[in-house]
Amino acid sequence: MKIVVIGGTGLIGSKLVKKLRDQGQDVVAASPANGVNSITGEGLANALKGASVSVDVTNSPSWEDAAVLQFFETSTRNLLDHGAAAGVRHYVALSVVGTERMLESGFFRAKLAQEKLIEASSIPYSIVRATQFFEFVDKIADLSTEGNRVRLPPVLFQPMAADDVASALAGIAMSSPVNATVEIAGPEQFRLDEVIRRDLAARKDPREVISDPSARYYGIQVSERTLVPDDGARFGETRFEDWLRSATQVPKTGRPGA
Ligand SMILES: NC(=O)c1ccc[n+]([C@@H]2O[C@H](COP(=O)([O-])OP(=O)(O)OC[C@H]3O[C@@H](n4cnc5c(N)ncnc54)[C@H](OP(=O)(O)O)[C@@H]3O)[C@@H](O)[C@H]2O)c1
């Protein structure tokens, strides 16, 4: 089966490409670096020729409101049009748990627009909504930092390892389309402030985490269950503490770090 991974050089894409190849699939890792651009259309027809499955794990280079909407609308339209022309039978895309609850943010308005284009297209699809990646936890801290303090709301939070996201996507890409949205999440539920506090402590980062119910997440007002999946979600296996231990252990020849 030929599977094209658009965004195949990214965090999730590169892991997904490896997992699919390990399963014996014929995989194309498509991205601008490899001459395939979902915005300009460059290389798309050739990459998708003979493909059964197209997996969209792209991300926008800019998260500014207008730019990110433009990216996901243009990219998704091009991928769907070229996919339909190439006879793709399953379109898989990665989105985010709680997208419709975070529309205060331009990024999530863009993700919802992406989802709606996929749902309206003629290609059978599976939309996979994941919770925040463990690898994204650092960025959440940075986005909520003022001086030496990180202010975050103590809402429920169920992040997952990028590796588990890629495993779930690989399984879904090799299965029949569900023509619906599937939610995936980490195996444990925490409080957002607590995870960031543990992450910073493990990295010996001196910033102090302040629990503040009125603080925003990524500029968005969130409530208790905004970031966590509904019943029926599938769970990854990797526990945050285990991931954090390996992400922060000192390599034999290098400096501490991820
Ligand atoms: N961060 C989170 O916690 C989280 C949670 C749930 C879902 N998600 C979703 O997961 C998806 C993937 O995230 P990620 O962290 O793996 O992204 P990433 O590491 O930033 O990778 C993005 C990929 O998109 C490619 N790309 C960018 N512009 C492109 C274009 N015009 N044409 C084709 N490919 C293009 C990049 O290629 P180059 O390397 O060549 O630029 C790269 O391969 C995103 O849609 C995001 O919304 C993220």
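Remember, it's 1-based here, ligands and their atoms both numbered in the order they're listed. All residue numbers refer to positions in the sequence shown, counting from 1.
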message: Just to check, does Asn34 reach to within less than 4.0 Å of ligand 1 when the distance is taken from its heavy atoms?
response: no

message: Test your reading of the structure: does Phe133 have an N or O sitting under 3.5 Å from an N or O of ligand 1?
response: yes

- prompt: Is Arg198 paired with Glu194 through a side-chain N to carboxylate O contact shorter than 4.0 Å?
  reply: yes

- prompt: What distance separates Arg225 CZ from Arg101 CZ, expressed to the nearest 0.5 Å?
  reply: 8.0 Å

- prompt: Within the structure, does Ala130 bring an N/O atom to less than 3.5 angstrom of an N/O atom in ligand 1?
  reply: no

- request: Please could you name the atoms of ligand 1 that Ala33 approaches to less than 4.0 Å, counting only its heavy atoms?
  value: 40 (O)

query: In the protein, which heavy atom is nearest to atom 44 (C) of ligand 1, and how far is it?
result: Thr58 O, 3.3 Å

field: Proximal atoms of ligand 1 relative to Asn37 (non-hydrogen, under 4.0 Å)
entry: 30 (C), 31 (N), 32 (N)

field: Best match, Pro32, Ser31, Gly7: closest heavy atom to atom 35 (C) of ligand 1
entry: Pro32

task: Apply the test side chain to side chain contact (heavy atoms under 4.5 Å, CB included) to residues Asp163 and Trp243: give CA-CA distance (whole Å), side-chain angles for both, the deciding distance (0.1 Å), then the verdict.
output: CA-CA 10 Å; Asp163 203 53; Trp243 175 85; over 6 Å; no

message: Show me which atoms of ligand 1 lie under 4.0 Å from any heavy atom of Val36.
response: 32 (N), 33 (C)

statement: atom 16 (O) of ligand 1 sits nearest the protein heavy atom Ile12 N, 3.0 Å

query: Which ligand 1 atoms, with their elements, are less than 4.0 angstrom from a heavy-atom of Ser38?
result: 30 (C), 31 (N), 32 (N), 33 (C)

Contact (N/O only, under 3.5 Å) between Ile6 and ligand 1: no

query: What part of Phe107, side chain from CB on, backbone N/CA/C/O, both or neither, has a heavy atom under 4.0 Å from ligand 1?
result: side chain

Sub-4.0 Å atoms of ligand 1 with respect to non-hydrogen atoms of Gly10: 19 (O), 21 (O), 42 (C), 43 (O)

message: Applying a strict under-4.5 Å side-chain criterion to I, L, V, M, F, W and Y, I'd like to know whether Met160 and Val97 cluster together.
response: no

query: Quick one: nearest non-hydrogen protein atom to atom 14 (P) of ligand 1, plus distance?
result: Leu11 CB, 4.2 Å

message: Taking 4.0 angstrom as the limit and counting only heavy atoms of Thr131, give me the atoms of ligand 1 inside it, by number and element.
response: 5 (C), 6 (C)

- request: Please step through side chain to side chain contact (heavy atoms under 4.5 Å, CB included) for the pair Asn59 and Phe72, ending with a clear verdict.
  value: CA-CA 8 Å; Asn59 209 350; Phe72 278 112; 3.6 Å; yes

- request: Mind running side-chain hydrogen bond (donor to acceptor under 3.5 Å, both in side chains) on Arg89 and Ser52 for me, showing each step along the way?
  value: CA-CA 5 Å; Arg89 295 194 293 272; Ser52 307; 3.3 Å; yes

message: So is Ser75 touching ligand 1 or not, going by heavy atoms under 4.0 Å?
response: no

field: Ligand-side contact atoms (ligand 1) for residue partner Ser95, heavy atom cut-off under 4.0 Å
entry: 6 (C), 7 (C)

- prompt: Any Lys/Arg nitrogen of Asp164 or Lys15 sitting under 4.0 Å from an Asp/Glu carboxylate oxygen of the other?
  reply: no

message: Suppose we measure from atom 36 (C) of ligand 1 to each protein heavy atom; which comes out shortest, and what is that distance?
response: Thr9 OG1, 4.2 Å

task: Looking only at protein heavy atoms, identify the closest one to atom 28 (N) of ligand 1 and say how far it is in Å.
output: Phe71 CE1, 3.6 Å

message: Can you tell me if Ala162 contacts ligand 1 (heavy atom of the residue under 4.0 Å from the ligand)?
response: no

Polar side-chain atom of Asn179 near backbone of Tyr125 as donor-acceptor pair, under 3.5 Å: yes

- request: State whether the side chain of Arg151 and the backbone N or O of Glu146 hold a donor-acceptor pair below 3.5 Å, judged by distance alone.
  value: no

task: Please assess Arg191 against Asp193 for the test salt bridge (Lys or Arg N to Asp or Glu O under 4.0 Å), listing each intermediate value before the final yes or no.
output: CA-CA 6 Å; Arg191 297 276 162 187; Asp193 54 331; over 6 Å; no

Lys19 with Asp22: basic N within carboxylate O range, under 4.0 Å: no

message: Donor-acceptor check, side chain of Asn78 to backbone of Ser38, threshold 3.5 angstrom: yes or no?
response: yes

- request: Say whether, by atom type as modelled, one donor and one acceptor occur between the side chain of Thr226 and the main chain of Ser223 under 3.5 angstrom.
  value: yes

field: Per atom 17 (O) of ligand 1, closest listed option by heavy atom (Val96, Val17, Thr74, Asn59)
entry: Asn59

- prompt: Going from CE on Met1 to CG on Asp26, what distance comes out if it is rounded to the nearest 0.5 angstrom?
  reply: 10.0 Å

- prompt: So which bit of Lys111 gets within less than 4.0 Å of ligand 1, heavy atoms only: side chain, backbone, both or neither?
  reply: side chain

field: Nearest-contact summary for atom 10 (O) of ligand 1 - protein heavy atom, Å
entry: Leu94 CD2, 3.1 Å

query: Taking only heavy atoms of Val57, which atoms of ligand 1 are found under 4.0 Å from at least one of them?
result: 12 (C), 23 (C)

